[in-house]
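Proteins get letters first, then strands, A, B, ... in listed order; numbering begins at 1 in each.
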Amino acid sequence: MPELPEVETTVKDLNKKVLGRTFIDIWSDFKKQVKKPKNFEQFKKEIKGRKIEKVRRKGKNILFDLSDSKTLLIHQKLTGHLLVGYWILDNGYWRPKVKGPLEEKINTFIHLLFTFDNGQMLALSDLRKFAKIELWDRKNLKKELSSLGPEPLVKDFTFQKFKDVLTGKKGKIKQILMNQEVIAGIGNIYSDEILFEARIHPLKEVPNLNKDEFKEIFRAIKKILKKAVKLRGESISDFRDIGGRRGFFDEYRKVYRKEGQKCSRCGAIIKKIKIAGRSAHFCSKCQKL
DNA sequence: TGCAGTGTTGCTTC
DNA sequence: CGAAGCAACACTGC
């Protein structure tokens, strides 16, 4: 499940690989994944001939700025992967032309594939088919994404700003951290890891946090997300970079899906509970309620 | 074998 | 208005 660090890794790699490329063709076997324009032929017509000027990230959204002020938005949701390479259509499945990590079974789930002017391809692999693809006029996109909260890794996301966005919020800290309208980009894995780093219990009510606890959470957000970006994301779920390679955050992961194991800090057993229908992992001894 | 668990977003319901 | 539940989908693990 791609969260901020995984999307950031993807976007950085895409900027190295596909900048200046022009779309010449699009293939799909699941056309309703393209939500805007709804008509796939229309989408195809509008994409063809357009050039990629820049790739950006907003929260968990990937934005391809194209020529003529269009922007292609891709949200990977749970199991979407963007892959760059060369494939051949074989019996309804895309097979990679060259040996390597792209040969893993994520290939089976390619439902959308763009071909560029140099023969290179951009594939969207998506097991659960939840990913969303939309083509926007750039001027309308800002409004569309305006409900997203601030980007946690930018310099001007200061402690003051963090306090401001949390002030007045009711609810459990875990839920608030995952709310994209409060802060953009944090999902289930990193909210667990951030709260472990900050030694705060996921069920802690936001209005009950004192200043020191706010400070710890703020510090932990920056630390964990920066670390995860540096390590090119996780791969306990099925994240892969655009070359099909894993991230390295798993070696650093302390609580997510570690229930029953010993806490690396105090040796107590890591617990798993449900919060608003989501799994939450934490150490009940060193994370304070 | 069968069914709960998996996570993100948005829509529906209360 | 907000919170909770569920659907979108398909595969894994118990």
Reference residue A:Lys48; test side-chain contact (heavy atoms from CB on, under 4.5 Å); the match among A:Asp25, A:Ile24, A:Thr22: A:Asp25
Contacting residues from residues 127-136 of chain A, given that a heavy atom lies under 4.0 angstrom of DNA chain C: A:Leu127, A:Arg128, A:Lys129, A:Phe130
Under the side chain to side chain contact (heavy atoms under 4.5 Å, CB included) test, residues paired with A:Arg253 that sit two or more places apart: A:Glu193, A:Ile236, A:Phe249, A:Asp250, A:Tyr256, A:Arg257, A:Lys258
Partner of A:Tyr190 under side chain to side chain donor-acceptor pair (under 3.5 Å), chosen from A:Glu6, A:Glu234, A:Glu3: A:Glu6
Sequence neighbours excluded, every pair satisfying salt bridge (charged side-chain N to carboxylate O under 4.0 Å, His left out) that has a member inside residues 109-131 of chain A: A:Arg21-A:Asp117
I'd like a table of donor-acceptor pairs (distance under 3.5 Å, sequence neighbours excluded) in which one partner is a side-chain atom from residues 282-289 of chain A, with atom names and distances.
residue: A:Gln287; atom: OE1; partner: A:Cys283; partner atom: N; Å: 2.8
residue: A:Gln287; atom: NE2; partner: A:Leu195; partner atom: O; Å: 3.2
residue: A:Gln287; atom: NE2; partner: A:Ile200; partner atom: O; Å: 2.8
residue: A:Lys288; atom: NZ; partner: A:Lys285; partner atom: O; Å: 3.0

Contacting residues from residues 3-12 of chain A, given that a heavy atom lies under 4.0 angstrom of DNA chain B: A:Glu3
All pairs passing ring pair (Phe, Tyr, Trp, His ring centres under 6.0 Å) where residues 116-145 of chain A contributes a residue, at least two apart: A:Phe23-A:Phe116
Under-4.0 Å side-chain N/O to phosphate OP1/OP2 contact, A:Lys77 with C:dC9: no
Side-chain N,O (A:His75) to OP1/OP2 (B:dT8) below 4.0 Å: no
Proximity to the side chain of A:Lys32 - top-ranked nucleotide from C:dC9, B:dG5, B:dT8: C:dC9
Residue pairs involving residues 55-104 of chain A (criterion ring pair (Phe, Tyr, Trp, His ring centres under 6.0 Å); sequence neighbours excluded): A:Trp27-A:Trp94
Distance, rounded to the nearest Å, where A:Glu144 contributes CD and B:dG10 contributes C1': 12 Å
Residue-level proximity of residues 273-282 of chain A to DNA chain B when a heavy atom falls under 4.0 Å: A:Lys274, A:Arg278, A:Ser279
For atom NZ of A:Lys35 and atom P of B:dT8, their distance in whole Å: 18 Å
P gap between C:dA7 and B:dA4, integer Å: 13 Å
Sugar-phosphate only, base, or nothing, as touched by A:Gln76 at under 4.0 Å among non-hydrogen atoms: nothing
Within 45° cone of A:Phe157 ring axis and under 6.0 Å: A:Lys155 NZ or CZ: no
Salt bridge (charged side-chain N to carboxylate O under 4.0 Å, His left out) contacts in which one or both residues fall within residues 82-96 of chain A, not counting sequence neighbours: A:Asp90-A:Arg95
Under the side-chain hydrogen bond (donor to acceptor under 3.5 Å, both in side chains) test, residues paired with A:Lys223 that sit two or more places apart: A:Glu197
Pairwise P distance for B:dT9 and C:dC11, with rounding to whole Å: 23 Å
Nucleotide pairing, DNA chain B (Watson-Crick or G-U, distances under 3.5 Å), in dot-bracket with [ ] and |: .|||||.|||||||
Salt bridge (charged side-chain N to carboxylate O under 4.0 Å, His left out) partners of A:Glu8, counting only residues at least two apart: A:Arg57
